**Q** 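Below you will find the structure I want to go over with you.
Values in this document were obtained by computation on a predicted structure and should not be read as measured data. Just so it is clear: chains get the letters A, B, ... in the order the sequence lines come, proteins before strands, and each one is counted from 1.
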Protein chains: 2
Amino acid sequence: MRDPALIESNDADEEDIGALDGIVGFHIRLAHGAVYRHFTETFADLGLTQKQVSVLWLVGDHPEIAQIEVGSRLRMDRATTMTIVNRLEERGLLRRERSSSDGRKQAMFLTEEGEAVLEEAKRCIESHESWLKSRFSEAEIEKLVEMLARIHD
Amino acid sequence: MRDPALIESNDADEEDIGALDGIVGFHIRLAHGAVYRHFTETFADLGLTQKQVSVLWLVGDHPEIAQIEVGSRLRMDRATTMTIVNRLEERGLLRRERSSSDGRKQAMFLTEEGEAVLEEAKRCIESHESWLKSRFSEAEIEKLVEMLARIHD
DNA sequence: CCAATTTGTTAGTAGAGCATACAATTTCGC
DNA sequence: GCGAAATTGTATGCTCTACTAACAAATTGG
């Protein structure tokens with residue numbers, strides 16, 4: 001029915017994405033997706049998401065940190081930060097306390113279980129990062145991170 | 001009231017994310033977020049998302065392409081692809097037809113409006129990409145894309 | 001021809017992001 | 001010091017993306 005030559009011109013090679021391949025943003029999105037999927041697998045047992053781990057990590061590094069501070073550093077708005085902190089609090093990994101220095105702020109701390117889970121999460125991150133870094137040299141990793149930072153800073 | 005030295009020890013420098021800064025995956029996520037936000041602003045008028053534009057673009061480049069093919073190339077599962085194609089069809093930018101060569105497949109085509117919107121979207125992409133690329137040299141862009149491809153391939 | 005596979009579809013769940021509105025608190029201008 | 005403005009947290013609701021599970025229709029393979 002159809003002209004084979006015409007089909008060939010349309011049916012491009014496997015995984016061919018055509019001009020889309022030249023779009024930097026597209027590659028960032030695909031790479032993010034791949035990292036996200038591997039992260040999710042790695043953290044399936046712990047049941048933590050990227051955001052949750054980031055918040056846990058940040059609160060562990062900076063006890064008494066306020067939600068607005070966490071959101072600002074992880075580039076999340078207040079509402080988004082809330083839902084993540086709520087989930088961590090429900091799971092008993094983190095507690096909130098009214099800040100003594102500023103009544104508007106909530107000072108956040110890790111619970112004992114939170115500290116333990118963070119330690120385990122850091123081990124998972126190590127494994128996840130190894131998977132990610134395995135395809136690059138040290139110099140390339142440095143360059144990659146520096147370029148990514150130019151985008152998000 | 002408060003001890004300044006104590007404050008300094010907790011209140012780290014602006015935007016300090018500590019050891020999180022050494023995690024490659026974290027930078028990919030932040031960069032993706034920044035790109036996502038700029039994309040959304042750029043496409044606010046057109047009302048299209050990254051995924052929608054990608055699918056539109058792919059169908060434009062490969063008429064008669066099946067949903068499964070689109071999903072595979074954009075790394076989306078069938079269910080996710082469905083919701084995006086549904087939305088594009090509802091907006092009249094794309095139509096589905098049962099494939100004549102394989103009755104299981106839906107052959108997808110852009111409508112006239114779809115072609116027009118895709119053209120406009122490509123102009124928006126150009127502007128969005130300029131914003132993104134402005135911080136890099138040509139050689140850096142090439143290197144960045146190549147490294148990102150190593151992650152998602 | 002029958003079984004397994006592929007593709008599309010539907011329904012349900014969940015995370016993340018965003019906007020809006022409101023309350024409590026702090027800060028700033030006067 | 002007082003009142004207005006800004007900050008922070010909270011609650012609600014919406015959207016987009018992604019995934020699972022189940023099912024139907026069509027194709028493919030033994």
Side-chain angles (χ1 to χ4, degrees), chain A residues 26 28-30 32-41 43-44 46-56 64-91 94-108, chain B residues 1-2 29-30 32-41 43-44 46-56 64-91 94-108:
Chain A
F26 181 75
I28 290 179
R29 199 156 58 63
L30 282 195
H32 172 259
V35 171
Y36 175 80
R37 276 187 291 274
H38 186 271
F39 187 102
T40 304
E41 281 175 36
F43 281 80
L46 266 176
L48 292 172
T49 66
Q50 288 186 337
K51 287 290 182 196
Q52 289 169 7
V53 172
S54 297
V55 171
L56 221 47
E64 275 189 77
I65 194 169
Q67 284 180 199
I68 193 77
E69 232 353 84
V70 169
S72 155
R73 295 185 195 189
L74 302 181
R75 310 292 194 282
M76 304 186 297
D77 67 10
R78 285 173 297 155
T80 303
T81 307
M82 272 290 299
T83 68
I84 292 159
V85 171
N86 281 348
R87 216 165 293 133
L88 292 173
E89 194 179 36
E90 282 161 21
R91 284 185 55 175
L94 172 156
R95 66 190 163 81
R96 292 187 247 222
E97 233 177 61
R98 190 141 225 95
S99 168
S100 50
S101 63
D102 188 334
R104 293 168 301 183
K105 293 182 179 176
Q106 294 276 44
M108 295 189 289
Chain B
M1 190 91 207
R2 292 170 300 164
R29 200 156 56 64
L30 282 194
H32 172 259
V35 171
Y36 174 80
R37 277 186 289 275
H38 185 272
F39 187 101
T40 304
E41 281 175 37
F43 280 81
L46 265 176
L48 291 172
T49 66
Q50 287 185 337
K51 287 290 183 197
Q52 288 169 6
V53 171
S54 297
V55 170
L56 220 48
E64 276 188 76
I65 194 170
Q67 284 180 199
I68 194 76
E69 227 3 73
V70 169
S72 155
R73 296 185 194 189
L74 302 180
R75 310 293 194 281
M76 305 185 297
D77 66 9
R78 284 172 297 155
T80 303
T81 306
M82 272 291 299
T83 69
I84 291 160
V85 170
N86 282 346
R87 214 166 295 131
L88 292 173
E89 194 180 36
E90 281 161 21
R91 283 185 55 176
L94 173 156
R95 68 190 162 81
R96 289 187 251 223
E97 234 176 62
R98 191 142 225 94
S99 168
S100 51
S101 63
D102 187 334
R104 293 168 302 184
K105 293 183 177 174
Q106 295 276 44
M108 296 189 289

**Q** Over how many whole Å does the gap from A/I65 atom CD1 to D/dT8 atom C1' extend?
**A** 14 Å
**Q** What is the distance, rounded to the nearest whole Å, between atom CG of A/L74 and atom P of C/dA16?
**A** 11 Å
**Q** Using distance alone, with no hydrogens and no angle criterion, decide if A/D77 and A/T80 have a side-chain donor and acceptor under 3.5 Å apart.
**A** yes
**Q** Taking only Lys NZ, Arg NE, NH1 and NH2, and the carboxylate oxygens of Asp or Glu, determine whether B/R37 and B/E41 approach each other closer than 4.0 Å.
**A** no
**Q** In B/S/- notation, 5' to 3', how is nucleotides 17-30 of chain D contacted by protein heavy atoms closer than 4.0 Å?
**A** SBBB-----BS---
**Q** Once you round it to whole Å, what is the distance between C1' of D/dT15 and CZ of B/F43?
**A** 18 Å
**Q** Nearest-Å distance, CG (A/L88) to C1' (C/dA16)?
**A** 14 Å
**Q** What integer distance in Å separates B/K105:NZ from C/dG8:P?
**A** 7 Å
**Q** About how many Å separate CD of A/E90 and CG of A/L94, when rounded to the nearest 0.5 Å?
**A** 11.5 Å
**Q** Drop me the distance from B/Q52's CD to B/Q50's CD, to the nearest 0.5 angstrom.
**A** 11.0 Å
**Q** In whole angstrom, give the distance that lies between atom CZ of B/R96 and atom C1' of C/dT10.
**A** 12 Å
**Q** Does a side-chain N or O from B/Q67 land closer than 4.0 Å to OP1 or OP2 of C/dT9, or not?
**A** yes
**Q** Nearest whole Å is fine: how far is C/dA14 P from A/N86 CG?
**A** 16 Å
**Q** Ignoring hydrogens and geometry, is there a side-chain-to-backbone donor-acceptor pair from A/S72 to A/I68 under 3.5 Å?
**A** no
**Q** What is the separation between atom CE on A/M82 and atom C1' on C/dC22, rounded to the nearest whole Å?
**A** 13 Å
**Q** For A/R87 and A/T49, test the side chains for any donor-to-acceptor distance below 3.5 angstrom and give the result as yes or no.
**A** no
